Amino acid sequence: MNTQARCRSIEDLPLVLTIEDLMSVLDIGRNSAYRLIRENQIRSIRIGTSIRIPRTALVEYFSGPTE
């Protein structure tokens, strides 16, 4: 079951998301998800070769720029 199907609000999301979770929540493709991470539009954490996105980073992204 994908993350989008089981989450009705931001609080329902796991504390840490994978790229696949991000793709599902935002309804975007893999390249777009990696671009958001690469361009620091969404904050992420690298653990070895894995990328994890804190739920708070997604909230920040939805809130817009903090300039």
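Note that the structure is a prediction, hence the values are computed from the model and not measured. Numbering starts at 1 and runs along the sequence shown. Every heavy atom of this structure was used, including side-chain atoms; hydrogens, water molecules and symmetry mates were not.
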Could you go step by step and tell me if Asp21 and Thr18 meet the side-chain hydrogen bond (donor to acceptor under 3.5 Å, both in side chains) rule? CA-CA 5 Å; Asp21 293 333; Thr18 63; 3.3 Å; yes
What's the separation between atom CG in Asp27 and atom CG in Leu22, rounded to the nearest 0.5 Å? 11.0 Å
Do Arg30 and Glu20 sit within salt-bridge range, that is, some charged N less than 4.0 Å from a carboxylate O? yes
Atom pair CD1 (Ile19) and CE (Met23), whose distance is rounded to the nearest 0.5 Å: 8.5 Å
Are Ile37 and Leu13 connected into the same hydrophobic cluster when the rule is that any two of I, L, V, M, F, W, Y join if their side-chain heavy atoms are below 4.5 Å apart? yes
With heavy-atom distances below 4.5 Å as the criterion, would you say the side chains of Arg55 and Leu17 are in contact? yes
If Ile, Leu, Val, Met, Phe, Trp and Tyr residues are connected whenever their side-chain heavy atoms lie under 4.5 Å apart, and connections chain through other members, are Ile51 and Leu26 in the same group? yes
Answer yes if Ile28 and Phe62 sit in the same cluster of Ile, Leu, Val, Met, Phe, Trp and Tyr residues linked by side chain heavy atoms under 4.5 Å apart, and no otherwise. yes
For Ile45, what residues pass the side-chain contact (heavy atoms from CB on, under 4.5 Å) criterion, not counting sequence neighbours? Ile47, Pro54
Side chain to side chain donor-acceptor pair (under 3.5 Å) against Arg35, all qualifying residues, sequence neighbours excluded: Ser32
Side-chain touch Ile53/Val16, heavy atoms, less than 4.5 angstrom: no
